[in-house]
K.L.:
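Let me give you the structure first, and then I'll get to my questions.
Computed from heavy atoms alone, side chains included, the values below leave out hydrogens, waters and symmetry copies.
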Amino acid sequence: MSEIKNIIFDLGGVLLDIDYNKATAAFKRLGFADFEKMYSQYTADKLFEKLETGHINETSFYQAMIKTHSDISSSDIMESWNAMLLDFRLSSIEFLKRLRPKFRLFLLSNTNIIHQAAFNKLFIEQTGFHSLNDFFEIAWYSNEIGLRKPTMEIYQFILQDAAIKAEETFFIDDSYNNIETAKQLNFKTHLLVPGERIEDLDYNGYFISS
């Protein structure tokens, strides 16, 4: 069995509490009756996929949404879209500092420029730290690298970019489809379920929280 040298964390549902239902409800109030078909934890239509891979900017995204619902504004859309972002898990953020001397830490998140601005601001307000990225050797965001989980390509990209081996890497995510793809490439994986925290896990015997 290979020694675990690297840990890759997802962001939403792992380090940051999120509630997709809040965004869905907010968009339904704006008139998007079938918003679940547009975006959910496991799916994204072409518009949201383009946003989360950086192929359109926020202005183009807002324009596309307003085109179908002309009585709403960019601010309405931003507020509804950010409604899913809740609070950072402060104990989990602190726990990262205890892992750093023992492992190479990375972040891999499906996100977009709108959410990035919101959670970066939230991170500073809630933690007092300057930047979430400072806790990781590399932070990969889907909108910056043009790739999105759960495609095979994004995992192949990060392995090459960080010069790491999948079998020496522990990947933690809250979405089963992202986990399944990582397993195919021989990552060690853990599906973080509701109520579970990263500080609850046994990192291959090298570090057990107390």
K.L.:
Angle class for the Trp81/Phe61 ring planes (parallel below 30°, perpendicular above 60°, tilted otherwise)?
P.N.:
tilted
K.L.:
Between Gln116 and Thr111, is the side chain to side chain donor-acceptor pair (under 3.5 Å) condition met? List the steps.
P.N.:
CA-CA 7 Å; Gln116 258 188 314; Thr111 193; 6.0 Å; no
K.L.:
Looking at Pro150 and Thr181, what are the two nearest heavy atoms and their distance?
P.N.:
O-OG1, 2.8 Å
K.L.:
Could you go through Lys149 and Ser142, starting from their C-alpha distance and side-chain angles, then the distance that decides it, and tell me whether this counts as side-chain contact (heavy atoms from CB on, under 4.5 Å)?
P.N.:
CA-CA 8 Å; Lys149 295 179 289 186; Ser142 61; over 6 Å; no
K.L.:
Just verifying a value: how many Å separate Glu79 CD and Arg29 CZ, rounded to the nearest 0.5 Å?
P.N.:
8.5 Å
K.L.:
Within the 4.5 Å heavy-atom criterion, are Leu132 and Leu107 side-chain neighbours or not?
P.N.:
yes
K.L.:
Stepwise, does the side-chain contact (heavy atoms from CB on, under 4.5 Å) test hold for Glu137 with Phe103?
P.N.:
CA-CA 10 Å; Glu137 187 172 326; Phe103 304 97; over 6 Å; no
K.L.:
Carefully, step by step, assess Glu49 and Leu47 under the rule side-chain contact (heavy atoms from CB on, under 4.5 Å).
P.N.:
CA-CA 5 Å; Glu49 187 172 303; Leu47 177 63; over 6 Å; no
K.L.:
Could you check, using the six-membered ring where one of them is a Trp, whether Phe129 and Phe135 have ring centers closer than 6.0 angstrom?
P.N.:
yes
K.L.:
Would you call Lys28 and Glu36 a salt bridge, taking side-chain N to carboxylate O under 4.0 Å as the test?
P.N.:
yes
K.L.:
Look at the side chain of Thr43 and the backbone N and O of Tyr39, then say whether any donor-acceptor pair between them is shorter than 3.5 Å.
P.N.:
no
K.L.:
Would you confirm whether Asp200, through its side chain, and Arg197, through its main-chain N or O, come within 3.5 Å as a donor-acceptor pair?
P.N.:
yes
K.L.:
For residues 11-23, which side-chain donor-acceptor pairs fall under 3.5 Å, sequence neighbours excluded?
P.N.:
unit_1	atom_1	unit_2	atom_2	d
Asp17	OD1	Arg89	NE	2.7
Asp17	OD1	Arg89	NH2	2.9
Asp19	OD1	Asn21	N	2.9

K.L.:
Nearest 0.5 Å, please: how far is CD in Glu52 from CG in Asn112?
P.N.:
5.5 Å
K.L.:
When clusters are formed from ILVMFWY side-chain contacts under 4.5 Å, directly or step by step, what else is grouped with Ile145?
P.N.:
Ile8, Tyr42, Phe106, Leu108, Ile138, Trp140, Leu147, Met152, Ile154, Tyr155, Phe157, Ile158, Leu159, Ile164, Phe171, Tyr176, Ile179, Leu185, Phe187, Leu191
K.L.:
Starting at CG of Asn110, measure out to OG of Ser175 and round the result to the nearest 0.5 Å.
P.N.:
8.0 Å
K.L.:
So, do Glu196 and Leu201 sit near enough that their side-chain heavy atoms are less than 4.5 Å apart?
P.N.:
yes
K.L.:
So do the side chains of Asp87 and Gln126 get within less than 4.5 Å of each other, counting heavy atoms only?
P.N.:
yes
K.L.:
Starting from the C-alpha separation in whole Å, work towards a yes-or-no answer on side-chain contact (heavy atoms from CB on, under 4.5 Å) for Ser74 and Ile66.
P.N.:
CA-CA 8 Å; Ser74 297; Ile66 292 170; 3.9 Å; yes
K.L.:
Out of curiosity, does Phe9 fall in the hydrophobic cluster containing Leu86 (side-chain heavy atoms, cut-off under 4.5 Å, transitive links)?
P.N.:
no
K.L.:
Once you round to the nearest 0.5 Å, how far does CE of Met38 lie from OG1 of Thr24?
P.N.:
10.5 Å
K.L.:
Holding to side chain to side chain contact (heavy atoms under 4.5 Å, CB included), I want the full list of residues that pass it with Lys121, two or more places apart in sequence or in another chain.
P.N.:
Glu125
K.L.:
For a quick test of reading the model, state the closest non-hydrogen atom pair linking Gly31 to His69 and the distance between them.
P.N.:
O-NE2, 3.0 Å
K.L.:
Looking only at atom types and distance, does a side-chain atom of Arg104 sit under 3.5 Å from a main-chain N or O of Ala162, one as donor and one as acceptor?
P.N.:
yes
K.L.:
Show the nearest heavy-atom pair for residues His55 and Gly146, with the distance to one decimal.
P.N.:
CE1-O, 4.1 Å
K.L.:
With a 4.5 Å limit on heavy-atom distance, are the side chains of Ile198 and Leu192 in contact?
P.N.:
yes
K.L.:
Indicate the atoms forming the closest heavy-atom contact of Leu51 with Asn57, along with that distance.
P.N.:
CD1-O, 4.3 Å
K.L.:
Parallel, tilted or perpendicular: which describes the rings of Phe88 and Phe123, with under 30° parallel and over 60° perpendicular?
P.N.:
perpendicular
K.L.:
Would a 4.5 Å heavy-atom cut-off, applied to side chains only, mark Ile93 and Phe95 as touching?
P.N.:
no
K.L.:
Could you grab the distance from atom CE of Met78 to atom OG of Ser73, nearest 0.5 Å is fine?
P.N.:
8.5 Å
K.L.:
At their closest point, which heavy atom of Ile77 faces which heavy atom of Met65, and how far apart are they?
P.N.:
CD1-CB, 3.5 Å
K.L.:
Between Lys188 (side chain) and Glu167 (backbone), is there a donor-acceptor pair under 3.5 Å?
P.N.:
yes
K.L.:
Might you point out which heavy atoms bring Arg100 and Asp134 nearest each other, and give the distance in Å?
P.N.:
NH2-O, 3.6 Å
K.L.:
Could you go through Tyr141 and Asn133, starting from their C-alpha distance and side-chain angles, then the distance that decides it, and tell me whether this counts as side chain to side chain donor-acceptor pair (under 3.5 Å)?
P.N.:
CA-CA 10 Å; Tyr141 298 107; Asn133 291 2; 2.6 Å; yes
K.L.:
Determine the interplanar angle of the Phe32 and Phe35 rings, folded into 0 to 90°, and report it as parallel if under 30°, tilted if 30 to 60°, perpendicular if over 60°.
P.N.:
perpendicular
K.L.:
Do Phe27 and Leu30 have side chains that approach each other closer than 4.5 Å (heavy atoms only, starting at C-beta)?
P.N.:
yes
K.L.:
Contact between Thr189 and Asp173 at the side-chain level, heavy atoms closer than 4.5 Å - yes or no?
P.N.:
no
K.L.:
So, taking the atom named NZ in Lys102 and the one named CD1 in Ile4, what distance separates them when rounded to the nearest 0.5 Å?
P.N.:
15.5 Å
K.L.:
So do Leu85 and His115 actually touch side chain to side chain, heavy atoms under 4.5 Å?
P.N.:
yes
